[in-house]
S.K.: 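What follows is a single structure, and I will ask about it in a moment.
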Amino acid sequence: ETGVTQSPTHLIKTRGQQVTLRCSSQSGHNTVSWYQQALGQGPQFIFQYYREEENGRGNFPPRFSGLQFPNYSSELNVNALELDDSALYLCASSPGPRAVDTQYFGPGTRLTVL
Amino acid sequence: DQQVKQNSPSLSVQEGRISILNCDYTNSMFDYFLWYKKYPAEGPTFLISISSIKDKNEDGRFTVFLNKSAKHLSLHIVPSQPGDSAVYFCAASASSGGSNYKLTFGKGTLLTVNP
């Protein structure tokens, strides 16, 4: 059984650019949640995808968007990058969309915006 | 507005002793709580959870206590081992509400267990 994987590991972009981050969910899981972890902070919920549909969203602007594919892998897209978008982006897969369905995290993608 | 607060950024204990990590929350809708552990360069790993219908949950060396009236929970690790050195995150959810998909995390506490 493979765990949750994310790519790329690190990424450097400049302000105004666009970025796509990828997440492969664990086998048997149909839900992916994305989090942003700024330096010295805890993970902050961006949004969740359940069976290819957005199931809920945190306080992030529309330039943060996502997709989930039929194999339940997922993408996070961020447009018009800002300096404050520099953070560790974590995805977590789970067997269902509820908080009681344990979320298994990937190692994250470190995004630096210059 | 920090709805989940971990007021101790760091904690240092001796191997074999008890580690107690604390967490406070302000949202009275929260009824499901979790602890995650995070090593550097890895994602958070689920440790233990507790529902608000209980006041204690135990799993091996890890016990979580919930005091609903005080809106406080704590994670006890006994005995502490050097491999427990990591950042510990407290998280909460309103499992029966409209946002039952969402976890709200605290800022974390760095635990160092000295040999």
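Below, read A as the first sequence line, B as the second, and so on, with proteins coming before strands; counting in each chain starts at 1. All values below come from the heavy atoms of this structure, side chains included, with hydrogens, waters and symmetry mates left out.
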S.K.: Tell me the disulfide (SG to SG under 2.5 Å) pairs involving residues 13-54 of chain A, sequence neighbours left out?
M.R.: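 Non-adjacent pairs meeting disulfide (SG to SG under 2.5 Å): A:C23-A:C91.
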S.K.: If you count the non-hydrogen atoms of other residues, nucleotides and ligands that lie under 6.0 Å from CZ in B:R17, is the total more than 12?
M.R.: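 Atom CZ in B:R17 is not crowded, with 12 or fewer foreign heavy atoms closer than 6.0 Å.
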S.K.: Under the rule for salt bridge (charged side-chain N to carboxylate O under 4.0 Å, His left out), what residues qualify as partners of A:R22, not counting sequence neighbours?
M.R.: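 With sequence neighbours excluded, A:R22 shows a salt bridge (charged side-chain N to carboxylate O under 4.0 Å, His left out) to A:E75, given in chain and number order.
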S.K.: For A:Y35, is it the side chain, the backbone, both, or neither that has a heavy atom closer than 4.5 Å to a heavy atom of chain B?
M.R.: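 Side chain only.
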S.K.: Using the benzene-type ring in the case of Trp, are the ring centres of A:Y50 and B:Y101 under 6.0 Å apart?
M.R.: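 No.
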S.K.: Can you tell me how far apart CD (A:Q44) and CG (B:L103) are? Round to the nearest 0.5 Å.
M.R.: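 A:Q44 atom CD to B:L103 atom CG measures 13.0 Å (nearest 0.5 Å).
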S.K.: Take atom CG in A:N71; do more than 12 heavy atoms of anything else shown fall under 6.0 Å from it?
M.R.: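 Yes.
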S.K.: Nearest heavy-atom pair of B:S93 and A:A99: which atoms, and what distance?
M.R.: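 Taking B:S93 first and A:A99 second, the nearest heavy atoms are OG-CB, 3.0 Å.
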S.K.: Would A:L67 end up clustered with A:W34 when hydrophobic side chains under 4.5 Å apart are linked, directly or stepwise?
M.R.: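 Shared cluster, no.
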S.K.: Does atom CZ of A:R63 have more than 12 heavy-atom neighbours from other groups under 6.0 Å away?
M.R.: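 Count over threshold, so yes.
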S.K.: Could you tell me whether the side chain of A:F45 reaches within less than 4.5 Å of the side chain of B:F105, counting heavy atoms only?
M.R.: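 Not in contact.
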S.K.: Between side-chain atoms of residues 64-71 of chain B and protein atoms elsewhere (two or more places apart, or another chain), which donor-acceptor pairs fall under 3.5 Å?
M.R.:
from, atom 1, to, atom 2, distance (Å)
B:N67, OD1, B:S69, N, 3.3
B:N67, OD1, B:S69, OG, 2.8
B:N67, OD1, B:A70, N, 3.0
B:K68, NZ, B:S52, O, 2.9

S.K.: What's the separation between atom CD in B:E42 and atom CG in A:L90, rounded to the nearest 0.5 Å?
M.R.: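 Rounded to the nearest 0.5 Å, the CD-CG separation comes to 12.0 Å.
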S.K.: So which part of B:Y39 gets closer than 4.5 Å to some heavy atom of chain A, the side chain, the backbone, both or neither?
M.R.: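 Neither; nothing under 4.5 Å.
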S.K.: Of the backbone (N, CA, C, O) and the side chain (C-beta and beyond), which part of A:R110 lies under 4.5 Å from a heavy atom of chain B, both, or neither?
M.R.: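 Nothing of A:R110, per the 4.5 Å heavy-atom cut-off to chain B.
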S.K.: Taking 4.5 Å as the heavy-atom cut-off, does anything in residues 82-90 of chain B contact chain A, and if so which residues?
M.R.: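 Heavy-atom contacts from residues 82-90 of chain B to chain A are B:F89.
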S.K.: Give the cluster check for B:L34 versus B:V4: same hydrophobic cluster or not, with ILVMFWY residues linked at side-chain heavy-atom distances below 4.5 Å.
M.R.: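 Different clusters.
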S.K.: For each of A:G56, A:G108, A:P43, tally heavy-atom pairs with chain B at distances under 4.5 Å, and name the one with the top tally.
M.R.: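 Most heavy-atom pairs within the cutoff with chain B belong to A:P43.
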S.K.: B:I48 and B:I20: same hydrophobic cluster, using ILVMFWY side-chain contacts below 4.5 Å?
M.R.: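 No: no chain of side-chain contacts under 4.5 Å links B:I48 to B:I20.
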S.K.: Could you check if a side-chain atom of A:Q103 sits within less than 4.5 angstrom of a side-chain atom of B:Y36, using non-hydrogen atoms only?
M.R.: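 Sidechains of B:Y36 and A:Q103: in contact.
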S.K.: Please state whether the side chain, the backbone, both or neither of A:Q41 comes within less than 4.5 Å of a heavy atom of chain B.
M.R.: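 Answer is both: backbone and side chain atoms of A:Q41 are under 4.5 Å from chain B.
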S.K.: Mind checking whether A:Y104 and A:Y49 sit in one hydrophobic cluster, side chains of I, L, V, M, F, W, Y counted as touching below 4.5 Å?
M.R.: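 Unlinked, A:Y104 and A:Y49 end up in two clusters.
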S.K.: Give, as side chain, backbone, both or neither, the part of A:Q37 having an atom under 4.5 angstrom from any heavy atom of chain B.
M.R.: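 For A:Q37, the side chain is the part near chain B, not the backbone.
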S.K.: Might you confirm whether atom CG of A:L114 has over 12 heavy atoms from other residues, nucleotides or ligands at distances under 6.0 Å?
M.R.: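 Yes, the 6.0 Å shell around CG holds more than 12 heavy atoms from other groups.
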S.K.: Is it the case that one hydrophobic cluster holds both A:I46 and A:L83, taking links as side-chain heavy atoms less than 4.5 Å apart, direct or via other members?
M.R.: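 Per the 4.5 Å side-chain linkage, A:I46 and A:L83 are co-clustered.
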